[in-house]
Chemist: 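Before I ask anything, let me first share the structure, which is written out below as structure tokens.
Each chain gets a letter, A, B and so on, in the order its sequence line appears, and its residues count up from 1. Bear in mind the structure is a predicted one, so any value in this text is a computation, not a measurement. Both backbone and side-chain heavy atoms feed into the values below; hydrogens, waters and symmetry mates do not.
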2 protein chains.
Amino acid sequence: MDVSMMHNLTGFGFTAGVLPANCPSRTVLDHVTSKWGVLVLIALSQQSLRWGELRRTIEGISEKMLASTLRTLEADGLVLREAQPTIPPRVDYSLTPLGRELADRLLPLMGWIADNADEIVAGPQRAQ
Amino acid sequence: MDVSMMHNLTGFGFTAGVLPANCPSRTVLDHVTSKWGVLVLIALSQQSLRWGELRRTIEGISEKMLASTLRTLEADGLVLREAQPTIPPRVDYSLTPLGRELADRLLPLMGWIADNADEIVAGPQRAQ
DNA sequence: CAGTATCCCCCCGGATACTG
DNA sequence: CAGTATCCGGGGGGATACTG
């Protein structure tokens with residue numbers, strides 16, 4: 001599996017119309033690019049985290065959305081949930097091997113965004 | 001040491017909390033991961049396209065959302081809009097250099113999603 | 001052809017309260 | 001601590017009609 005083919009769309013089978021509607025890829029894309037999906041995956045890419053740590057790490061996320069996002073990503077097999085049957089409960093979240101593969105593609109993207117965000121939001125003219 | 005540092009978040013400057021809320025990176029992330037942002041950028045990564053071509057290429061997008069998405073991406077300096085003053089009008093959309101840099105990070109992601117979507121939506125158990 | 005304008009609904013997602 | 005339950009408002013986003 002060569003990396004060079006990663007940039008050849010033809011090799012991925014969505015030559016004609018980017019992606020057909022109602023196909024699995026669209027579903028996964030929606031999950032990943034959901035409002036908090038990327039940030040959860042990025043957060044877990046560094047280390048496994050507990051619920052409360054995730055909540056504090058991803059600034060601004062609500063409990064509802066954290067739970068919802070984690071459930072979706074877990075159902076997709078991207079995030080692993082490990083609950084200790086202790087009192088008080090302790091639950092650790094981490095990436096599955098599949099999730100790690102995905103995160104490896106997300107990190108360069110996020111890195112680029114972090115690097116260029118200031119220029120982008122400022123606008124081409126004003127940045128100049 | 002080439003790609004490996006891409007996996008070190010510290011190198012990108014969002015060590016502490018993934019990304020601060022209300023920061024430029026969040027804004028750009030929201031634009032890119034908007035419902036149609038990724039698909040528009042991917043579509044334009046192969047070739048510049050006219051309005052109607054984009055509409056047909058990105059299956060399922062409405063005129064309203066195509067216009068909205070294009071305006072956002074153009075304002076961000078990621079997409080270039082070139083209108084010919086002819087009748088009937090002809091407008092070409094393409095990626096700016098900045099947009100191309102971004103697309104180069106999006107393509108591996110989309111490729112991976114296309115490759116693994118079937119397994120993901122099927123679920124780990126059933127896929128097994 | 002390349003878009004606006006308009007109507008309108010769904011549901012995403014936030015806030016708050018509560019529980020094992 | 002790690003969530004669920006419930007309420008609720010705004011706006012994301014679809015469908016249709018219209019225009020230069």
Side-chain angles (χ1 to χ4, degrees), chain A residues 17-22 26-41 43-44 47-76 79-94, chain B residues 17-22 26-41 43-44 47-76 79-94:
Chain A
V18 183
L19 283 181
N22 301 342
R26 287 277 187 103
T27 304
V28 175
L29 181 65
D30 282 346
H31 291 180
V32 174
T33 65
S34 67
K35 174 144 187 159
W36 300 102
V38 172
L39 292 178
V40 166
L41 290 167
L44 293 177
Q47 52 188 313
S48 73
L49 292 172
R50 303 176 61 178
W51 165 273
E53 292 173 331
L54 271 171
R55 179 135 173 57
R56 271 172 274 116
T57 300
I58 304 171
E59 199 178 321
I61 196 172
S62 67
E63 297 185 345
K64 175 182 174 180
M65 290 316 299
L66 179 55
S68 168
T69 303
L70 283 172
R71 265 187 268 115
T72 299
L73 295 179
E74 188 194 2
D76 285 345
V79 163
L80 178 65
R81 179 183 185 276
E82 294 174 293
Q84 324 285 348
T86 59
I87 296 179
R90 175 194 175 99
V91 182
D92 291 275
Y93 291 92
S94 59
Chain B
V18 183
L19 282 182
N22 301 342
R26 286 279 187 100
T27 304
V28 175
L29 181 64
D30 283 345
H31 291 181
V32 173
T33 66
S34 68
K35 174 142 189 162
W36 300 103
V38 172
L39 292 178
V40 167
L41 291 166
L44 293 178
Q47 52 188 313
S48 74
L49 292 171
R50 303 176 59 178
W51 165 272
E53 292 173 330
L54 271 171
R55 178 132 172 60
R56 272 173 274 116
T57 300
I58 304 171
E59 198 179 320
I61 196 172
S62 66
E63 297 185 345
K64 175 182 174 181
M65 290 316 298
L66 178 55
S68 167
T69 304
L70 283 173
R71 265 188 269 114
T72 300
L73 296 179
E74 189 195 0
D76 285 346
V79 164
L80 178 65
R81 179 183 185 276
E82 292 175 293
Q84 324 286 348
T86 58
I87 295 179
R90 175 196 176 99
V91 182
D92 291 277
Y93 291 92
S94 58

Chemist: Can you find a side chain N or O atom of A:R50 that sits less than 4.0 Å from OP1 or OP2 on D:dA2?
Modeler: yes

Chemist: Rounded to the nearest Å, what distance is computed from the NZ atom of residue B:K64 to the C1' atom of nucleotide D:dA17?
Modeler: 14 Å

Chemist: Given that A:P88 and A:S34 both sit by DNA chain C, which one's nearest nucleotide is further toward the 5' end?
Modeler: A:S34

Chemist: Taking the side chain as C-beta and beyond, is there a heavy-atom pair between B:T27 and B:H31 under 4.5 Å?
Modeler: yes

Chemist: Any side-chain heavy-atom pair from A:D92 and A:R90 closer than 4.5 angstrom?
Modeler: yes

Chemist: Quick one: label A:R90 by what it contacts on the DNA or RNA (base, sugar-phosphate, nothing), any heavy atom closer than 4.0 Å.
Modeler: sugar-phosphate

Chemist: Based on Watson-Crick and G-U pairs with both distances under 3.5 Å, what dot-bracket line describes DNA chain C 5' to 3', crossing pairs as [ ] and inter-strand pairs as |?
Modeler: ||||||||||||||||||||

Chemist: Need to verify one output field. Residue with the more 5' nearest nucleotide on DNA chain D, A:P89 or A:E63?
Modeler: A:P89

Chemist: Distance check needed: C:dA2 P versus B:L70 CG, whole Å only.
Modeler: 12 Å

Chemist: Give the rounded distance in Å between these two atoms: CD1 of A:I87 and C1' of C:dT19.
Modeler: 13 Å

Chemist: Is there a side-chain contact between A:L39 and A:I61 (heavy atoms, below 4.5 Å)?
Modeler: no

Chemist: For a quick test of reading the model: is some side-chain N or O of B:R81 closer than 4.0 Å to OP1 or OP2 of C:dG3?
Modeler: yes

Chemist: May I ask you to decide if A:L29's main-chain N or O and A:T33's side chain share a donor-acceptor pair within less than 3.5 Å?
Modeler: yes

Chemist: Has A:R55 got a side-chain atom pairing as donor or acceptor with A:L66's backbone, closer than 3.5 angstrom?
Modeler: no

Chemist: Please determine whether a side-chain nitrogen or oxygen atom of B:W51 lies at a distance below 4.0 Å from atom OP1 or OP2 of C:dT4.
Modeler: no

Chemist: Does the side chain of A:L41 come within less than 4.5 Å of A:L73's, by heavy atoms?
Modeler: yes

Chemist: Any side-chain N or O of B:Y93 below 4.0 angstrom from OP1/OP2 of C:dC1?
Modeler: no

Chemist: Answer yes or no: does a side-chain N or O of B:R71 lie under 4.0 Å from OP1 or OP2 of C:dG3?
Modeler: no

